[in-house]
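FYI, side chains are in, hydrogens and waters are out, and symmetry mates aren't considered; it's all heavy atoms of this structure. Remember, it's 1-based here, ligands and their atoms both numbered in the order they're listed.
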Amino acid sequence: MTHRLVVVGASLAGLRAVEAARKSGFDGQITLVGSEEHLPYDRPPLSKAYLDDAEPPTVEFRDEVTLRGELAVELELGIAATGLDTDSRVIALADGRELTYDALVIATGATARRLPGTDSLVGVHALRTLDDAAQIRAALNAGARTVVIGAGFIGSEIASGARKRGLPVTVIEALPTPLIRAVGEEMGSRLARLHVENGTELRCGAGVERLEGNGRVELVVLSDGTKIRADLVVVGIGAVPATDWLRGSGLRIDNGIVCDENLWTGTPGVYAAGDVANWHNPLFGRRMRLEHWTSAAQQGASAARNALNPDAAKPYSTVPYFWSDWYGSRIQFVGSPDADEIVTIEDRGDRLTALYRAGDRLSGALTLNGQADIMKFSGLITKRTEWGDAVRFAESRCSARATA
Ligand SMILES: Cc1cc2nc3c(=O)[nH]c(=O)nc-3n(C[C@H](O)[C@H](O)[C@H](O)COP(=O)(O)OP(=O)(O)OC[C@H]3O[C@@H](n4cnc5c(N)ncnc54)[C@H](O)[C@@H]3O)c2cc1C
């Protein structure tokens with residue numbers, strides 16, 4: 001019998017877990033533990049509207065009254081979980097207290113990679129948390145000359161935000177093309193054009209040798225000796241799953257917490273969700289760890305329902321989906337970028353549609369400003385649509401637009 005649900009990680013997946021628990025009729029005790037002081041908040045705006053020179057948007061999902069009152073959630077914020085004993089079902093907290101659980105959902109997400117040896121330099125940031133975003137916003141407000149290290153989605157959004165304010169920005173990417181892992185080489189290079197067209201200096205195949213400055217960052221020195229002046233350096237070199245606190249717990253950790261298709265860790269009562277979960281996605285027949293908003297939200301809800309009612313557990317499967325906003329355009333991707341072939345169906349003005357083929361099936365789709373189409377491609381991937389049919393469908397959508 002489950003009396004006590006504990007959710008560790010008070011962000012998107014953790015919040016959706018407690019909401020789903022109450023929605024399913026669970027009336028036992030729920031405790032939500034989060035290492036940040038803040039109430040659960042939304043991260044995507046942090047690299048978008050939050051960086052604008054207008055009033056920043058509210059990013060909290062729910063207020064404290066709703067969480068403590070309506071949802072009857074005990075909040076333990078500003079306190080990290082530091083250990084887990086799965087035999088006695090006890091979680092250790094940083095302040096020395098212990099929490100017992102009948103069911104546990106781990107939703108500790110991921111933490112941003114930092115550049116070693118740069119912690120003491122003022123003006124060097126990663127962007128993962130609201131506190132990071134506030135510091136970056138303040139630097140942009142002061143008219144910073146920005147260098148972004150890493151041309152991934154978050155780094156690119158920051159560059160876009162700086163350009164929107166008319167500020168100079170350089171993006172440095174170690175690989176010859178940005179976003180190879182996310183969308184493949186050809187499409188990575190196509191998207192990189194957006195930087196150039198919008199006045200961002202993009203330097204690919206460039207290594208960062210060191211950052212220089214007297215207390216505050218002043219220069220980024222590249223491996224070829226080039227020196228770039230910077231008041232603000234944002235390091236966007238990816239994130240790692242937040243699993244350090246689980247050392248010694250016996251849970252299997254391999255690029256996140258290894259879970260089955262029900263988001264179950266294999267240890268009684270313990271489930272995982274969101275960016276920290278490396279789960280078996282039945283739709284693709286393999287394990288995946290995603291760092292996408294939509295899957296984190298859905299997994300949080302799914303993990304809580306399964307944790308509270310393991311006998312009726314339902315697999316969580318999905319077509320991965322993410323979006324990113326650059327220079328007023330929306331990039332969207334569904335499926336998997338691992339492809340035998342990528343075919344551009346449409347590339348006109350500010351619109352792009354590209355399909356990804358694996359074997360004789362559609363495996364992925366990338367669009368630029370294709371909001372009306374992207375979920376249709378997701379549906380085709382779910383239905384394991386044959387490649388020829390998918391191409392014909394995409395072509396018909398594009399030609400209908402061209403003649404409209
Ligand atoms: C700036 C930014 C922009 C993004 N934009 C997009 C976008 O445009 N589209 C998209 O699809 N996705 C986007 N994402 C990704 C999306 O926000 C994440 O996939 C989502 O936040 C994952 O939610 P989560 O709850 O799994 O993990 P997280 O949001 O990482 O939250 C985990 C929480 O757990 C806490 N925690 C960690 N360890 C402990 C511990 N030991 N004890 C207690 N608490 C702990 C952390 O402090 C954190 O608050 C963006 C992410 C960022 C950072």
Query raised in the report: Which residue holds the protein heavy atom closest to atom 1 (C) of ligand 1, what is that atom called, and what is the gap in Å?
Result: S47 OG, 3.6 Å

Requested in this report: Considering only non-hydrogen protein atoms, determine which one is nearest to atom 15 (C) of ligand 1 and report residue, atom name and distance to 0.1 Å.
Outcome: E291 O, 3.7 Å

Query raised in the report: Using heavy atoms and a threshold below 4.0 Å, how should the contact between V8 and ligand 1 be classified: side chain, backbone, both, or neither?
Result: side chain

Query raised in the report: Which heavy atom in V258 sits nearest to a heavy atom in R287, and how many Å separate them?
Result: CG2-NH1, 3.7 Å

Report task. Determine, considering heavy atoms only, which of S295, P44, G14 sits nearest to atom 4 (C) of ligand 1. Result -> P44

Report task. Report the distance from atom CD of E261 to atom OG of S317, rounding to the nearest 0.5 Å. Result -> 9.5 Å

Report task. Describe, in one word, how the ring planes of W293 and W323 are oriented to each other, choosing from parallel (under 30°), tilted (30 to 60°) and perpendicular (over 60°). Result -> perpendicular

Query raised in the report: Applying a 4.0 Å heavy-atom criterion (strictly less than), which segment of W245 is in contact with ligand 1: side chain, backbone, both, or neither?
Result: side chain

Requested in this report: Considering only non-hydrogen protein atoms, determine which one is nearest to atom 12 (N) of ligand 1 and report residue, atom name and distance to 0.1 Å.
Outcome: W293 N, 3.3 Å

Query raised in the report: Between OG of S336 and CZ of R286, what distance do you get to the nearest 0.5 Å?
Result: 4.5 Å

Query raised in the report: Counting heavy atoms only, which of T111, I154, L127 is nearest atom 50 (C) of ligand 1?
Result: I154

**Report entry** Polar contact flag, side-chain donor to acceptor under 3.5 angstrom, W326-N198
**Finding:** no

Query raised in the report: Parallel, tilted or perpendicular for W264 and Y271, by the 30°/60° rule?
Result: tilted

Query raised in the report: At what distance, to the nearest 0.5 angstrom, does CG of L167 lie from CZ of R145?
Result: 10.0 Å

Query raised in the report: When you measure from atom 47 (O) of ligand 1 to each heavy atom in G9, A17, S35, which option holds the nearest one?
Result: S35

Report summary line: In this structure, CZ of R97 is separated from CD1 of I91 (nearest 0.5 Å) by 11.5 Å

Query raised in the report: Is D389 salt-bridged to R392, cutoff N-O under 4.0 Å?
Result: yes

Query raised in the report: Who gets closest to atom 39 (C) of ligand 1 by heavy atom: T108, L12, L246?
Result: T108

Query raised in the report: If you measure every N/O of G274 against every N/O of ligand 1, is any gap under 3.5 Å?
Result: no

Query raised in the report: Judged by non-hydrogen atoms, does K48 sit under 4.0 Å from ligand 1?
Result: yes

Requested in this report: State, without any angle test, whether S363 and R357 hold a side-chain donor-acceptor pair at a distance under 3.5 Å.
Outcome: no

**Report entry** Nearest-option assignment for atom 22 (C) of ligand 1, heavy atoms, candidates T129, D275, V7
**Finding:** D275

Query raised in the report: So between E76, R128, H292, Q299, whose heavy atom ends up nearest atom 53 (C) of ligand 1?
Result: R128

Query - Sub-4.0 Å atoms of ligand 1 with respect to non-hydrogen atoms of G34 - result: 43 (C), 44 (N)

**Report entry** Which segment of R43 sits under 4.0 Å of ligand 1 when only heavy atoms are counted
**Finding:** both

Query raised in the report: Going by atom types alone, do Q332 and Y321 pair a side-chain donor with an acceptor below 3.5 Å?
Result: yes

Report task. Looking only at protein heavy atoms, identify the closest one to atom 41 (N) of ligand 1 and say how far it is in Å. Result -> A81 O, 3.0 Å

Query raised in the report: How far is atom 49 (O) of ligand 1 from its nearest protein heavy atom, and which residue and atom is that?
Result: E36 OE2, 2.6 Å

Requested in this report: State plainly whether the residues D350 and R348 are in salt-bridge range, i.e. N to O under 4.0 Å.
Outcome: no

Report summary line: Residue, atom and distance of the protein heavy atom nearest atom 25 (O) of ligand 1 read A13 N, 2.9 Å

Query - Quiz item: cation-pi between R62 and Y41, 6.0 Å / 45° - result: no

Query raised in the report: By number and element, which atoms of ligand 1 are closer than 4.0 Å to a non-hydrogen atom of A110?
Result: 30 (O)

Query - Numbering as shown, the atoms of ligand 1 that approach F322 to under 4.0 Å (heavy-atom distance) - result: 11 (O)

Query - Side chain, backbone, both or neither: A296 near ligand 1, heavy atoms under 4.0 Å - result: side chain

Query raised in the report: What protein heavy atom sits nearest atom 31 (O) of ligand 1, and how far off is it?
Result: S11 CB, 2.9 Å

Query - Aromatic ring pairing F322/F333, orientation class (parallel under 30°, perpendicular over 60°, tilted between) - result: parallel

Query - Taking atom 9 (N) of ligand 1 as the reference point, the nearest protein heavy atom with its distance - result: W323 O, 3.0 Å

